Number of protein chains: 2
Amino acid sequence: MTDATQVKPDAFKVACSSCNLRELCLPVGLARPDLERLDALVATRRSVARGDMLFRAGDAFQSLYAVRTGFFKTCVSSEDGRDQVTGFQMAGELLGLDGISNDRHSCDAVALEDSQVCIIPYGQLESLSREFTDLQHQFHKIMSREIVRDHGVMLLLGSMRAEERLAAFLMNLTQRLQARGFSASSLILRMTREEIGSYLGLKLETVSRTFSKFQDDGLLEVKQRHIRIIDQDGLQQLINGAHC
Amino acid sequence: MTDATQVKPDAFKVACSSCNLRELCLPVGLARPDLERLDALVATRRSVARGDMLFRAGDAFQSLYAVRTGFFKTCVSSEDGRDQVTGFQMAGELLGLDGISNDRHSCDAVALEDSQVCIIPYGQLESLSREFTDLQHQFHKIMSREIVRDHGVMLLLGSMRAEERLAAFLMNLTQRLQARGFSASSLILRMTREEIGSYLGLKLETVSRTFSKFQDDGLLEVKQRHIRIIDQDGLQQLINGAHC
DNA sequence: CGCTGCTTTGATAGACATCAAGTTCGGTGG
DNA sequence: CCACCGAACTTGATGTCTATCAAAGCAGCG
């Protein structure tokens with residue numbers, strides 16, 4: 001499908017300063033001058049076809065990537081073939097922070113639909129954030145937020161049951177979609193049941209069964225990957241331990 | 001026990017530049033001039049008695065903390081009383097990175113034995129790392145390493161069985177202890193079975209049973225919190241999926 | 001010396017995994 | 001345009017692992 005020689009970044013660009021994601025992405029809260037310097041830094045974009053990898057574990061780390069359009073998953077795997085989805089990323093979210101620690105990426109980033117990312121050369125980002133306090137601080141916040149998010153996932157994996165996990169997952173997804181102007185009640189999943197299961201520490205059959213149960217309980221309407229949320233409060237109660 | 005009025009940081013200090021943890025802590029790889037500036041920044045220390053909290057979720061975020069002596073756990077909890085240990089920290093490791101995202105800490109840090117931490121005022125660290133490229137880069141590496149570590153825990157929680165989890169936990173602990181000059185084969189656990197269980201997504205009884213099984217299988221000698229590792233390779237094989 | 005908190009161990013139950021068919025859907029080629 | 005194919009999904013039957021409930025043992029400390 002995609003021509004392998006066509007690896008060159010997309011020519012045309014949209015500056016951060018005029019990007020409609022600037023309130024969700026790296027530039028949050030930056031003033032004019034900072035923003036214009038950031039424009040110069042984030043000069044190139046790259047398209048990633050559905051199923052292709054943006055980077056993979058072991059690749060040399062050069063840049064961070066901001067999702068401009070589309071949807072990604074990241075997965076780590078252990079020496080024996082165990083595999084774990086560590087996150088799903090949508091527009092405005094950053095990919096590649098794992099690479100800083102070692103100068104090598106430690107996970108794979110796979111596009112779950114045809115996507116576009118902005119390339120943020122890491123060395124230049126470090127330089128620029130030595131100049132601009134706000135950018136520096138914003139970048140630190142993003143890394144810290146990732147740590148906090150991961151702790152939330154650990155809580156989920158360590159202490160929740162299947163229904164709670166799936167409910168939490170759906171609430172998180174819709175929340176993020178809503179922040180991007182999408183409906184709070186209707187969504188299309190970009191990932192398979194197996195990928196959801198991997199993320200949530202469940203088998204795909206359990207994910208499927210739990211979707212069915214939610215439908216039976218009148219919480220959702222499920223048609224394959226089309227989900228309509230009927231009872232948001234009900235889902236929230238599930239997360240808040242409405243068991244025992 | 002500890003006098004509540006005695007909250008003032010410990011007066012006497014040991015400079016980063018002459019600290020025996022400098023190869024494990026924030027100063028890794030820093031040259032003389034950077035190191036001396038860091039000395040000025042990390043001026044104060046604080047003692048935390050066993051069972052006391054260094055900070056708790058919701059506290060205003062001011063500083064990072066480097067463990068100088070002792071042992072900590074960090075835990076997050078959800079609105080309903082669910083609780084999850086997200087990590088154990090020993091000498092040279094940093095605490096408080098979660099706080100950057102929100103200007104509030106999002107987890108509790110509890111001393112598991114009488115401990116001492118070096119206080120790293122965060123605002124000053126940001127200033128200094130605008131001046132010193134190496135310090136900036138080192139700090140970013142530490143945050144990134146935390147993210148990578150968390151992904152490893154997600155893999156553990158999402159895809160490993162009880163024996164594998166405990167084996168991985170023990171191997172990780174001994175590795176870190178060894179890097180600090182302790183024996184690779186003999187250790188004293190600073191945490192309860194319940195805390196280990198919380199971290200590993202298991203109940204305390206399961207942790208206890210698994211210890212017993214490891215002992216029966218000749219992998220360990222377990223006497224309460226005293227652990228002697230007899231068959232390191234055996235443990236490693238367990239982690240690498242020696243099941244099925 | 002007797003608490004109290006931590007740990008071990010046993011018996012049972014429950015949640016999720018596994019194995020095994022079917023079903024739906026989207027894409028492809030005739 | 002329709003039929004077919006394969007991937008993804010659903011659903012059922014069964015099994016395994018871990019949680020839960022319960023009781024007893026151990027160890028450190030006042």
Side-chain angles (χ1 to χ4, degrees), chain A residues 1 49-51 73 82-85 110 112-114 156-167 169-170 188-217 220-227 238 241-244, chain B residues 1 49-51 73 82-85 110 112-114 156-169 188-217 220-227 238 241-244:
Chain A
M1 247 6 76
R50 173 182 170 157
K73 70 169 177 181
R82 243 189 292 257
D83 212 68
Q84 173 78 21
V85 172
V110 182
L112 296 183
E113 59 183 352
D114 292 346
L156 179 147
L157 290 171
S159 75
M160 291 185 173
R161 292 176 315 99
E163 291 184 22
E164 299 166 338
R165 293 183 198 191
L166 189 62
F169 170 72
L170 288 171
I188 298 176
L189 300 173
R190 254 62 237 217
M191 68 294 278
T192 66
R193 301 288 189 259
E194 188 170 17
E195 287 161 337
I196 297 173
S198 172
Y199 182 61
L200 299 179
L202 301 169
K203 291 292 155 186
L204 68 94
E205 294 95 329
T206 304
V207 174
S208 180
R209 273 184 241 278
T210 308
F211 269 127
S212 299
K213 175 157 196 311
F214 283 175
Q215 184 161 236
D216 293 346
D217 293 352
L220 301 178
E221 192 177 294
V222 182
K223 284 207 190 97
Q224 304 286 133
R225 299 200 183 180
H226 296 252
I227 308 287
L238 258 180
H243 47 79
C244 309
Chain B
M1 258 358 82
R50 174 181 171 160
K73 70 169 176 181
R82 242 188 292 258
D83 210 68
Q84 173 79 21
V85 172
V110 182
L112 296 183
E113 57 181 354
D114 292 346
L156 178 147
L157 290 172
S159 75
M160 291 186 173
R161 293 176 313 101
E163 292 184 23
E164 299 166 338
R165 292 183 199 192
L166 189 62
F169 170 72
I188 299 176
L189 299 173
R190 254 65 235 218
M191 68 295 277
T192 67
R193 301 288 189 258
E194 187 170 16
E195 286 161 337
I196 297 172
S198 172
Y199 181 62
L200 298 179
L202 301 169
K203 291 293 156 187
L204 68 95
E205 294 94 330
T206 304
V207 174
S208 179
R209 274 184 239 278
T210 307
F211 269 127
S212 299
K213 175 159 195 310
F214 283 176
Q215 184 162 237
D216 293 348
D217 294 353
L220 301 178
E221 192 178 295
V222 182
K223 282 206 190 100
Q224 303 286 132
R225 298 199 183 180
H226 296 252
I227 308 288
L238 258 180
H243 46 78
C244 308

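Excluded from the calculations below are hydrogen atoms, water molecules and symmetry mates; all remaining heavy atoms, backbone and side chain alike, are included. All chains are named by letter (A, B, ...) in the order of the sequence lines, taking the proteins before the strands, and each is independently numbered beginning at 1. Since the structure is predicted, the reported quantities are computational estimates derived from the model, not experimental observations.
Of the possible polar contacts, one joining the Arg165(B) side chain to the Leu200(B) backbone as a donor-acceptor pair under 3.5 Å is found.
Ser208(B) comes within contact range of at least one nucleobase, with a heavy-atom separation under 4.0 Å.
As a whole-Å value, the separation of Phe211(A) CZ from dT11(D) P is 13 Å. Atom CD1 of Ile196(B) is separated from atom P of dC6(C) by 13 Å (rounded to the nearest Å). Following rounding to the nearest Å, Ile227(B) (CD1) and dC6(C) (C1') show an atom-to-atom distance of 14 Å. Look at CD on Glu195(B): it is 8 Å from P on dC6(C), rounded to the nearest Å. Put simply, CZ on Arg50(A) is 10 Å from C1' on dG26(C), counting in whole angstrom units. If you measure from atom CE of Met191(A) to atom C1' of dA7(D), you get 17 Å, rounded to the nearest angstrom. Whole-Å rounding puts the Gln224(A) CD to dT11(D) C1' distance at 13 Å. With rounding to whole Å, Glu194(B) atom CD is found 11 Å from dG5(C) atom C1'.
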task: Would you please test Leu166(A) and Lys213(A) for side-chain contact (heavy atoms from CB on, under 4.5 Å) and show each step?
output: CA-CA 11 Å; Leu166(A) 189 62; Lys213(A) 175 157 196 311; over 6 Å; no

Residue pair Glu195(A), Leu112(A): steps toward the side-chain contact (heavy atoms from CB on, under 4.5 Å) verdict: CA-CA 10 Å; Glu195(A) 287 161 337; Leu112(A) 296 183; 3.7 Å; yes

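With rounding to the nearest 0.5 Å, the separation of CZ in Arg225(A) from CZ in Phe211(A) is 10.5 Å.
In this structure, Ser212(A) reaches the dT11(D) phosphate: one of its side-chain N or O atoms is under 4.0 Å from OP1 or OP2. Here Arg193(B) reaches the OP1 or OP2 of dT8(C): one of its side-chain N or O atoms lies under 4.0 Å away. Between Arg225(B) and the phosphate of dC6(C), there is no side-chain N or O to OP1/OP2 separation shorter than 4.0 Å.
Scanning all heavy atoms of the two residues, the minimum distance from Ser198(A) to Asp83(A) falls at OG-O, 3.7 Å.
When the shell of 6.0 Å around CD of Glu194(B) is examined, it contains 12 or fewer heavy atoms from other residues, nucleotides or ligands. Atom CD of Gln215(A) sits in a crowded spot, with more than 12 heavy atoms from other residues, nucleotides or ligands closer than 6.0 Å.
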Please write out each protein N/O paired with an N/O of nucleotides 13-19 of chain D under 3.5 Å, distance rounded to 0.1 Å.
residue	atom	partner	partner atom	Å
dA13(D)	N6	Arg209(A)	NH2	3.3
dT18(D)	OP1	Ala162(B)	N	2.7
dA19(D)	OP1	Lys203(B)	N	3.2
dA19(D)	OP2	Lys203(B)	N	3.2
dA19(D)	OP2	Thr206(B)	OG1	2.2

